[in-house]
Amino acid sequence: MKYTTDFRDIKQFKPFSFRGMIRDFALTGLSVKAKLPRYKESFFKPRIQFLYIHHVFDDEISKFDNLLNELSKCHTFIPYSEAIRKITSNEIDKSYISISSDDGFKNNLKAAQVLEKYNAKACFFINPDSIGLTDFNKIKEFCSRNLNFPPTEFMNWSDVDKLLKLGHEIGSHTMGHINIATTDLNKVKDNISESFDVIQSRCGKVEHFAFPYGRFFHFNLPSYNYVFEAGFKSCATAERGCHISNEKINLDELLIRRDHVVCDWNLDHTM
Ligand SMILES: [Zn+2]
C-alpha cells in the first residue's frame, strides 16, 4: 500500500518503445535547430499556447521550475480565463502561455508552489469523483481503470480551496474521467451538468471544461453542445496546436488546443 511519489518509479515500468526512441532522436535534431537565432525568434511570435501537465512528482519539481524559467524568457504567463478572453476578442498581441493540469493529483499542490514563483495562474481540471478519496484500494482502482496510472494520491476539497486562494481556477474533467465517445449520450449529458453543479457549489464558480483522454475521437458534437448548455464557457482538447490572431470567434465555436508536457522530458526537447 504505497502511493507513487516519484516519476522514476513510473518510468521504470514503461516498456521500451521503438517509436519513443525514434521520436527522441528526431527531437534532439529539432532542438539543435531550434537554438539557431532564426528559430528562436519563433518563440516570440504572437500566439497563445496552452500547456498542460498531469503531475509534478517529487523528482520533477526542479524540472518544472527549469521549464517555467525557460518559458518565462520569451513568453508571458496568463490565467486560463484571460487566455480564452484574448482569443475570443482577437487580442493576441504577444506570445502567451496558459498552463493547466488534468486529473487532480495531490502533487498538483507542488506544481502550484512552483507556479507561485513565476506568478503564473493555472486552471486545474478535476474529477469530483476522485477528489477526497482516501481508501487506497479505491484510489488504485480509479487510477488503473480511468487513468492507466499507478496508485497516486488525489487532492481533497481543502486542497482545491488552497489552489483557489492562490488565484488558480478549477475546471471540470467530467465526474469520474469517462470516455465520452463510448458513453451513452444521456449519461454524458447528466455527467457534464452534474460536474458543473458540484464544482460550482464547492468552488463558487466553474467556467472551463476539458474532456478526458483529449483526442478528437474521444469526443462528439452532441457532447460539445452539452458542455455549453451546462453553463461552461470553454471546452478543451488534448490535441496539439496553438491559437493565433484571428477573426473574432464565438465561445461556443471554440475548441481549445493544448500541448501535453511531462516535466521529466528533456528541456530542449520540450522547447
Ligand atoms: Zn485526464
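For ligands, and for the atoms within them, numbers begin at 1 and follow the listed sequence.
- Using modelled atom types and a 3.5 Å distance limit, the side chains of His208 and Ser81 yield a donor-acceptor pair.
- Contacts of His75 classified as side-chain hydrogen bond (donor to acceptor under 3.5 Å, both in side chains), with partners at least two apart in sequence or in another chain: Arg47.
- Residues forming a side-chain hydrogen bond (donor to acceptor under 3.5 Å, both in side chains) with Asp102 (at least two apart in sequence, or on another chain): Arg258.
- For the 3.5 Å distance criterion, the side chains of Ser223 and Asn220 qualify, holding a donor opposite an acceptor.
- Checked against side-chain hydrogen bond (donor to acceptor under 3.5 Å, both in side chains), Glu116 has no partners two or more places apart in sequence or in another chain.
- Inside a sphere of radius 2.8 Å centred on the Zn ion (ligand 1), the protein N/O/S atoms present are Asp103 OD1, His173 NE2, His177 NE2.
- A donor-acceptor contact closer than 3.5 angstrom is absent between the side chains of Ser234 and Glu207.
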